[in-house]
Amino acid sequence: MDEQLQATPICGRHRALNALMAPFGGWDMPIQYEGIIAEHSWCRSQAALFDICHMGEFIFQGDFETSGLEEVFTFSVKSIPVGRSRYGFLLNKQGGIIDDLIVFRLTEDKVMIVVNAATAPKDFAVIKERLRGGAFSDITAATGKLDLQGPLSRYVMVELIGEEVATIPYFKFITMNILGVEAIVSRTGYTGELGYEIFIPSEKVCELWDLLLTDERVKPAGLGARDVLRLEVGYSLYGSDIDEETTPLEAGLEGFVNFDKSFVGKEALLRLKEQGVTRQKVAFEVAGRRSPRHHYEICSGEEAVGSVTSGVFSPMLGKGIGIGFIKPELASIGTPLTIRHERVSMEATVCELPFFKGGSVRS
Amino acid sequence: MSMYFTKEHEWVKVEGNIGTVGISEHAAHELGDITFVELPKIGAAVKQFGVLGSIESVKAASDIFSPLSGKVIKVNEALDTAPEAVNESAEDAGWMAQVEIADESELKNLMTQEQYDDYLKTL
């Protein structure tokens, strides 16, 4: 066991459940409990509980404009209404993605920034360096985060947590009392299903985990199922699909970039827009049950034209699905591709996202 | 009928000159949910420890090696649509192929059940 690995407060529970544990983003995390496909299907039909305490949370308080926060991300912070959250990017000067993240507007002058675990220390340093004022702190260690995701999650939350959860719209959140402490319940997630992300002081997170599992409609799910769930709905995974060498333009995520405001990386993106991208994200379905995997080669005929960044067997579609980056001229829907790795070869077709369209996320 | 194992976790059940091949329960458990099995072609000649096919799970892809040399005479076509049978019954209903054994003396290169159980303890 790597001594550098961090453990979430729930770690003892995962071990007691006999979870398969593995390092993820510097943390010792549960990959699966009873099995990835069983947990995936439970999330698509019932309610799955994920320990997401590894993700980073920062608080900024101050004037968004004079502090420079307004220019840190690809979206406007000041235009997020209080009680809403917004997804977007922290970019480097070249337009590469340092991280994808969500900003929660807590009050008029206060936001919570939720970032990926592996990138959290770097994100904190970069944001801090770009700020000219305000108070900025890392509350990751003090903050527990659980995701309850699945079509039945609303019923569970209403019965166990409180009636006020019933009316939270997508990408809105409320602050409420849970187990005697102040917590944030947000209608967001990473599965394509109706669901909630709950932020609660870390000393109460085990108690909340236990409480949610008292409901027989709830089962724990690991990062293995989470990866299948997110890929079926086409969400990017930082470190696999997007990184500092990739811009939102190449990754098909321009919709989360607001060119009407100033932000770090804007000039590079504008130049790239003018020149045109040389590689582009593409989604493809495999003819058959083989799984494309990270780093497999994407070919057009005999010519190598790119590589796979995420791939998996989709239980919902009954076939292999993947995303990767290729030459833009080959990215149109219906283009035939071949995915290759050693003696493995699979025929694939460019398709639209999401792969799985039946999720309950907006219900 | 006797059962023999390879270090790569394949098994072979020998009945007369026919060997039925699959992967061990240990291997199926390690792979996790199996999503695809690539079966050999009937009539194909395989060598001992040569590639017989491949198997994929949500977590990983790996080759299946033939425990014995011979000619493939039958494959478990049910695995084309229900590869999860390997998770449910790795050492019985989850069999993959039957091979007409070319050289029974190759069995000396395999482990017995008892030897395989001891081998698993060393992993």
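Numbers restart at 1 for each chain; the letters A, B, ... are given by sequence-line order, proteins then strands. Basis for what follows: all heavy atoms, side chains included, without hydrogens, waters or symmetry-related copies. Just so it is clear, the structure is predicted and the values come from calculations on it, not from any experiment.
- Of residues 79-89 of chain B, those residues lying under 4.5 Å from chain A by any heavy-atom pair are B/D80, B/T81, B/P83, B/E84.
- Residues satisfying the side chain to side chain contact (heavy atoms under 4.5 Å, CB included) test with A/A331, not counting sequence neighbours, are A/Q280, A/V282.
- Atom NZ of A/K357 has more than 12 neighbouring heavy atoms from other residues, nucleotides or ligands inside a 6.0 Å radius.
- Between chain B and the residues A/I36, A/V344, A/I31, the most heavy-atom pairs under 4.5 angstrom are made by A/I36.
- A/D227 CG to B/K59 NZ: the interatomic distance, rounded to the nearest 0.5 Å, is 13.0 Å.
- Residue B/E104 qualifies as open at atom CD: its count of foreign heavy atoms under 6.0 Å is 12 or below.
- Considering only heavy atoms from C-beta on, A/I37 comes within 4.5 Å of B/T35 through its side chain.
- Within residues 284-301 of chain A, the residues that have a heavy atom under 4.5 Å from a heavy atom of chain B are A/R289, A/R290, A/S291, A/R293, A/Y296, listed by number.
- Annotation: side chain of A/E342 is not in contact with side chain of B/D63 (no heavy-atom distance under 4.5 Å).
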Using a 3.5 Å cut-off and no angle test, enumerate the donor-acceptor pairs between side-chain atoms of residues 40-54 of chain B and protein atoms at least two apart in sequence or in another chain.
| residue | atom | partner | partner atom | Å |
| --- | --- | --- | --- | --- |
| B/Q48 | OE1 | B/N109 | ND2 | 2.9 |
| B/Q48 | NE2 | B/P67 | O | 2.8 |
| B/Q48 | NE2 | B/E106 | O | 3.1 |
| B/S54 | OG | B/E38 | OE1 | 2.7 |

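- Of all heavy-atom pairs spanning A/V228 and B/V58, the tightest one is CG2-CG1, 3.9 Å.
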